[in-house]
Amino acid sequence: MSDAAASGWGLVRGFLSTTGEWRTVTPDVERGILTAMQVELGEPRPASPVRLVAAGDLLPGIGELVLEDGTVLGVLDRLPDDLPYGYHRLLGDVEELLLIAAPPTCPLPAERAWGWAAQLYAVRSAGSWGIGDLVDLRELARWSRTLGAGFCIISPLHAVAPSATPEPSPYFPSSRRFRNPIYLRPEAVSGAGEEVRRVAPEARQLNAARLIDRPRAWHAKARALEQLWREAPRQSGFAAYRAEQGAGLEDWATFCAAAERFGGRWREWPQELRSPAGARAFAAAHRDRVAFHAWLQWLIDEQVAGAAAELPLINDVAVGFDPEGADAWSWQDLLAEHVTVGAPPDTFNTAGQDWNLPPFVPYRLQQARHAPFIETIRASLRHAGGLRIDHVMGLFRQWWVLPGHNPAAGAYVRYPAKELLAIVALEAHRSNAIVIGEDLGTVEPEVRATLAEHGMLSYRLLLFEGADAGAYPELALAAVTTHDLPTIQGLWSGADLEQQRRAGLVPDTAGSEILRAPLVSVAPGVREADAVILAAHRWLAESASVLVAATLEDALRVGERPNLPGTTADQAPDWSLALPLPLEEIETDPFVNQIATVLRRGD
C-alpha cells in the first residue's frame, strides 16, 4: 500500500524516537495493522459524519438543522450567530452529520492552587473496611480544605468486573463509564442497620495489614450490600438516576449479572450473550440482579457527590480498558481485532510497553459519532472539578502492538485529535472543570502547543524536568513524581532499587541516578531525606505552574512506589499497599503539615 493510502487510514509509517532516531514501520507490521482495521487494499476511507462548527459558519451541506435539545431550525444556509455549544445534527437526504460546536478552550483555573495526589485505595481510616473508600475521600477532602488546598487529585475510580478476586489496577478497568463498588462505605448507605454492624468489626480488622486484601474486603462489603438491597426501601433517587443514565447503565448492569454467572471473559459466554443486543432476554430474566448492579452505581454516585462537596476533585481517566471488560463488550464492533495499545521504547522502558488495551479504529469511532469517547469523558467529569487524561497523546496517536510481536515493533496510528479535543473542551465547559493532559513519554513537539491552545494543562515532573524553571509553564500541574515512578524516599534511601530486587528485576541503577539528579540539584549538599522532600516541594511551589500537587506517599516518606511497571502480582504488591498511617494520624502528622505549609508558598 502506498504512503498516502496507509496514512489515509491513520497509519504513521515512521516516527522520531526519544533517542532522536528515526524509526520506520516494517512492511509486515504495516500489513498487520491494516488487517486489524479490516481494511481492504485500495479501499477508500469512508467520509466522516463529524464536523467541527462555530456560530455563523456556512453549513457543511444541505439539510434540516436540529439542535441538541431537539429544537428544529429547518433548512438553513448558515449556522445562527447565537448557536449554543453542543452536539447538533444536520439531517440531509442521504446522510446525517454530527455538528460539534465547542468552546475554543477548556476552563482554566481561577487562581493558583495546590492539592494532594492520592491513590484512594491506600487512604484508610479507622472506619475503613480494609481499603480506602469514598467516605475516606470525603474526609481527606474536608481536611485538605482546612489546610488551604484547592483540590484533591485521585486515582481512577473506574469499575472492574464483579469477581471474587477484584482487579487491583485502576488503569485496567472493565468500564471507564462506571465506578468500582469496592469504594463504597456500607455504613453510609441509607438504611444500613444490624447486618452492616455485624460485618463491620471483622472487616475493619483488615486494616491491621498494610497489604490490601481486596478479595476479603470486597467479600465483606458485598455481603453487607446484598443484605441492604434485600431489606432497604427503594428511594426515588435511584429511579431518577437509572432513567438518567439510560442504556449505558443497563448494559453495564447486564454485563455484571452475566459475568457473575458465566465468568469474566465475555467471549466465552453463550453466543447470544456476547453482545448487549443479544443479552436483552437475559437481562429481562434476571431483572432483579441487573437492578442490584445499577443500584450499586447510584450508591457510588451519591458518595462521590458527598466527597466532591468538600473540595474539588480531579478525577483520572485511564487510557483504555480491559479487552474482556464491559466497554469492550459494548463497543466490540469499533475495536481493532487482536491488537493492543502500548508505548514504544524510551529511556526507562527500553523494550517498549504492551498495556493489553484494545484500541478503537479511528474511522469506526468517527462513524459512531464519537459516542464512546463522549460517554467516557462525560462520566469522568461527573461531580468533578477537573480531569486528568492519562497518556493524553492517545488523543493524537496510539502505539499499536500486533499479537506475537515485541512491543518495540509496533506502529503509531493517528486519531482525529481536533474532534476529540473539541469534545473534551465541550464536556469540560459543561462541568466547569479544568483538564490536565498527562503528556509524559514520547511527545510530538506540536502536541504540547496544541494542548495549551485548547486550555489543557501540561503535566510536569521534577524527576523529568529538573531545576529548569522554564520547564514549568504557567498552564501546568507540577509534581515530583507519579504512581509509576519512584518516591523521593525510595530514590534517596535506595529503597526503590531494593523494591526492584525483591520483584526479581535487575535494578536499574543508571535510571535511578538519572531520576535522583534533579533532587540533588534542588537540595545541594543535603543528606537527610526529609530536607530533600521539603526542598523538592518548595521548588515546585515557587514555580510558575498554576497547580502543584504532592503525593501522600512523599509526604509520608514512603519508600515503595504504588506500581512497579513490568511486574505481576507474584512479583510486587502493585496497587495494593496502604499508606503507613491511617487518615486520622496523617491529619495530625507534623511533617505532612509542614509539606502543606511549603505548598502554600510559606516556610
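Note: hydrogens, waters and symmetry copies are ignored here, and every other heavy atom, side chains too, is used.
- Between the side chains of Asn180 and His158, no donor-acceptor pair is found at a separation under 3.5 Å.
- Between the CG atom in Asp322 and the CG atom in Asn356 there is a gap of 7.0 Å [rounded to 0.5 Å].
- Exactly one of Ile314, Thr551, Leu387, Leu313 qualifies for a side chain to side chain contact (heavy atoms under 4.5 Å, CB included) with Ile153. That residue is Ile314.
- Within the 4.5 Å cutoff, the side chain of Val413 has no heavy atoms near those of the Gln398 side chain.
- Residues passing the salt bridge (charged side-chain N to carboxylate O under 4.0 Å, His left out) test with Arg280 are Asp251, sequence neighbours excluded.
- Aromatic ring orientation, Trp329 versus Phe255: tilted (interplanar angle from 30° to 60°).
- A cation-pi arrangement, defined by a distance under 6.0 Å to the six-membered ring centre and an angle within 45 degrees of its axis, is absent between Arg414 and Phe396.
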Between Leu402 and Val339, does the side chain to side chain contact (heavy atoms under 4.5 Å, CB included) criterion hold? Intermediate values first, please. CA-CA 5 Å; Leu402 294 173; Val339 173; 3.9 Å; yes
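- With salt bridges taken as basic N to acidic carboxylate O contacts below 4.0 Å, none links Arg364 and Asp333.
- Put simply, CZ on Arg51 and CG on Asp57 are 12.5 Å apart, with the number rounded to the nearest 0.5 Å.
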Report the C-alpha separation of Tyr171 and Trp575 in whole Å, then their side-chain angles, then the decisive distance to 0.1 Å, and conclude whether the ring-ring contact (aromatic ring centres under 6.0 Å, His included) test is met. CA-CA 10 Å; Tyr171 293 94; Trp575 312 114; 5.5 Å; yes
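- Separating the CG atom in Leu65 from the CG atom in Leu90 is a distance of 6.5 Å, to the nearest 0.5 Å.
- Neither side chain, His483 nor Glu553, offers a donor N or O lying under 3.5 Å from an acceptor on the other.
- Comment: Glu250 does not engage Arg177 in a salt bridge, judged by the lack of any side-chain N to carboxylate O separation of less than 4.0 angstrom.
- Residues that satisfy the salt bridge (charged side-chain N to carboxylate O under 4.0 Å, His left out) test with Arg397, not counting sequence neighbours, are Glu444.
- Side-chain contact check for Pro181 versus Trp218: some heavy-atom pair is nearer than 4.5 Å.
- Put simply, CZ on Arg274 and CH2 on Trp269 are 10.5 Å apart, with the number rounded to the nearest 0.5 Å.
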Let's go through Glu244 and Arg382 carefully: what are the C-alpha distance in whole Å and the side-chain angles of both, what is the deciding distance for salt bridge (Lys or Arg N to Asp or Glu O under 4.0 Å) to 0.1 Å, and is it a yes or a no? CA-CA 13 Å; Glu244 176 194 5; Arg382 189 173 174 90; 3.1 Å; yes
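- Atoms CD1 and CG, from Ile182 and Leu157 in turn, are 12.0 Å apart once rounded to the nearest 0.5 Å.
- Side-chain contact check for Asp484 and Thr482: no donor-acceptor pair (N or O, by modelled atom type) lies under 3.5 Å.
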From CA spacing to verdict: side chain to side chain contact (heavy atoms under 4.5 Å, CB included), Glu64, Glu96: CA-CA 9 Å; Glu64 185 176 61; Glu96 176 182 322; over 6 Å; no
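- The side-chain hydrogen bond (donor to acceptor under 3.5 Å, both in side chains) check on Trp400 picks up Tyr415, with sequence neighbours excluded.
- With 3.5 Å as the limit, one finds a donor-acceptor pair spanning the side chains of Arg45 and Gln366.
- A distance of 7.5 Å separates OG of Ser458 from CD of Glu465, quoted to the nearest 0.5 Å.
- Put simply, the side chain of Pro372 does not reach to within 4.5 Å of the side chain of Asp327, judged on heavy atoms.
- In this structure, Phe262 and Phe282 have tilted ring planes: the angle between them lies in the 30° to 60° band.
- Within the 4.5 Å cutoff, the side chain of Gln499 has heavy atoms near those of the Leu564 side chain.
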Would Phe373 and Phe360 count as a side chain to side chain contact (heavy atoms under 4.5 Å, CB included) if you check the C-alpha gap in whole Å, the side-chain angles of each, and the deciding distance to 0.1 Å? CA-CA 10 Å; Phe373 187 72; Phe360 286 105; over 6 Å; no
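- A heavy-atom distance below 4.5 Å is found between the side chains of Phe321 and Pro358.
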Steps toward side chain to side chain contact (heavy atoms under 4.5 Å, CB included) verdict (Leu505, Arg501): CA-CA 5 Å; Leu505 303 178; Arg501 289 189 191 95; over 6 Å; no
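- If you check the side chains of Asn563 and Ser169, you find no donor sitting under 3.5 Å from an acceptor.
- Judged by distance alone, with hydrogens and angles left aside, the side-chain atoms of Glu438 form no donor-acceptor pair with the main-chain N or O of Tyr459 at under 3.5 Å.
- Defined by atom type and a distance below 3.5 Å, a donor-acceptor pair is missing between the side-chain atoms of Gln297 and Gln245.
- The aromatic rings of His429 and Tyr85 sit perpendicular to each other, their planes meeting at more than 60°, with 30° as the lower class boundary.
- Figure legend: cation-pi geometry between Arg214 and Tyr121, with NZ or CZ positioned under 6.0 Å from the six-membered ring centre and within 45° of its axis.
- The pair Asp496-Arg561 meets the salt-bridge criterion, with a side-chain N (NZ, NE, NH1 or NH2) lying under 4.0 Å from an Asp/Glu carboxylate O.
- For the pair Glu375 and Arg378, the salt-bridge criterion is not met [side-chain N within less than 4.0 Å of a carboxylate O].
- Under the 4.5 Å side-chain criterion, counting only non-hydrogen atoms from C-beta, Val66 is in contact with Leu91.
- Within the 4.5 Å cutoff, the side chain of Leu577 has no heavy atoms near those of the Ile212 side chain.
- Side-chain atoms of Ser380 and Asn315 include no donor-acceptor pair closer than 3.5 Å.
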